[in-house]
Amino acid sequence: MITLTNNALQILRDRYLLKDKNRNVLETPEQMFRRVARFVASAEEDNIKWETKFFELMSKLEFLPNSPTLMNAGVIKGQLSACFVLPVKDSLEDIFSTLKNSALIHQSGGGTGFNFSELRPKGDWVTSSGGTSSGPVAFMKIYDAATEYVKQGGKRRGANMGILNINHPDIEEFINSKSDDRIIQNFNISVGITDDFMKAVQKDLYWDLINPRTKTIAKTIKALHLWENIVQQAWKTGDPGLVFLDIINAYNPLPDSGKIQSTNPCGEVPLLDYESCNLGSINLSKLVIVSSNTPRINWVKLADLIAVSIRFLDNIISVNHYLLPEIEAITKAHRKIGLGVMGWAELLIQLEIPYASDEAVQLAEKLMNFIKENSYKASSQLAKEKGAFPQWGNSHYLNDIKLRNATCNSIAPTGTISVIANTSYSIEPLFALAYDRVGILGGKTQTEMNSLFVQKMNVSGLWNQKLKKEILEHGSLDNIDLVPDEVKKLFKTSLEIPWRYHLLHQKAFQKYTDNAVSKTVNLPENATITDVSEIYYTAWKYQLKGITTYRYGSKDRQVLQKCNLN
Ligand code: ADP
């Protein structure tokens, strides 16, 4: 028996379960998991054994793969990956062929990342027409409009990451490009930051903007001026975020294959041009055992889940349908996968550790270290059994053990799969104790209450209608006298958690994640521009690969934001 919440059932029926032409649902959730398990196990010699294991993993909601795998596995020409990066070269032909390819990826449920920095700036000379170029921001608007109209057969609106490097002549236009809330809605945008730029900001130096076509200086501007522009816009609208290109490339496992210029839409996977990656997340809220009243993590079970999940994700590379030969070639050469987690906040609550505590941060490191070690162990076992990834000989792993996968871990936002698994998003704190979950693509809105909190209050005999009403009104426990202090501490929600703890959690997970961590530092409405500046600066100091903030109420809607305070 699979236990799913009403919300999960609704999402599955709306967008995941197979349907016929008349939109009649053709399968139950159990049959969906069976379809996925069977298809993913078809890569195995002993497919029956692995089908059983994969089915168990998913139907117990202990692990879920990214959405395209659930939607498309076993379907003819089913595309199973969530993350892609495509090149944007400086010619009209290349710009539009990449646009076509990204439309195909969106149609299949995948998201695309692009770095637009190779494009000549606005107003620059175009030899073939004798005219002038429209520049990267104009082309982003075209990509955005295309995304808007390819709504993936009603399943999901496409998601994009758009990056422009800090030394591009159009960087100021880019930084301000989302200040109108209606423009470039289907993009998360990030500035590609280098260590040199950060040092120029520190020392208040001038900074050169370089024309990528001529390689000459187009303009010189104070680095601090650009920085202030970035943080002011980020404070106002949430965009742009930052991606730290030097640290990303310092950890590029395949430097001979090229420089990494972009990540996927939510930032958790830095990828080379045409690379794709499959993600999956372990549900940490299913891992607590209570013996003699002390809750603790079941490490043995976790190790087992990791081994099976890594195998699952690796199999997807073998059975996937690739939309382009370029994607197939490089994806199969590197076999990158990204196993991550969801339900971290709920795990902490079960262990009675407040999110905003050093104990939680230490546990984050210990946990992710364990996941990394076991992921690499599983990948090297697979290498023995099935062979290392073909480019292993050119990777920086050469002196180490052979691996099946060039990367193993990513912390994805788990925007939908955590709802299916009925747990908290990714490594995020609880967003609120009571909230409206807004259906995407115009679906119904449902009011929900955090079930761990209700359980806790029930056990202490404190749960009643009055309390429920107060929480629905406030969304948090701040001013509610009925609730004991230690419970208040444990159930602190995202906006009540000091930003430093948001970053410390991201740092702790990043330390043992070979890809990257997608995390939003949620800020209360009264956070200041200086706060955002300090957060962005600290993110660089902490050697994070990227940073995103969102100040409550600063935007009407957000690509991946699915819930609002009541
Ligand atoms: P899910 O929970 O649906 O598996 P996540 O929220 O964890 O997905 O996002 C993982 C990645 O999937 C994102 O970084 C992005 O690459 C891709 N993605 C997420 N949402 C969308 C979307 N609406 N359209 C296209 N790709 C998406």
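Counting starts at 1 for both ligands and their atoms, in listed order. Because the structure is predicted, anything quoted here is derived from the model rather than measured.
Residue-level proximity to ligand 1 for Arg157 is carried by the backbone, the only part with a heavy atom below 4.0 angstrom. By the criterion of a heavy-atom distance under 4.0 Å, the side chain of Asn264, and not its backbone, is placed next to ligand 1.
Not one N or O of Pro65 is nearer than 3.5 Å to an N or O of ligand 1, by distance alone. When only interatomic distances are considered, the shortest N/O to N/O separation between Gly158 and ligand 1 does not fall below 3.5 Å. Below 3.5 Å of separation, one finds an N or O of Gly415 facing an N or O of ligand 1.
With contacts defined as side-chain heavy-atom distances shorter than 4.5 Å, the pair Ile166/Ile230 qualifies.
Using a cut-off of 4.0 Å between Lys/Arg side-chain N and Asp/Glu carboxylate O, Glu27 and Arg34 are scored as not salt-bridged. For Glu328 and Lys332, the salt-bridge test passes: some basic side-chain N is under 4.0 Å from an acidic carboxylate O.
When each of Cys277, Cys408, Ser379, Ser318 is checked for a side-chain contact (heavy atoms from CB on, under 4.5 Å) with Arg335, only Ser318 meets the rule.
Side chains of Tyr376 and Asn409: no donor on one and acceptor on the other come within 3.5 Å.
Contact analysis leaves Ser418 out of contact with ligand 1, as no non-hydrogen atom separation drops below 4.0 angstrom.
For ligand 1, the atoms closer than 4.0 angstrom to any heavy atom of Pro413 are 5 (P), 6 (O), 7 (O), 9 (O).
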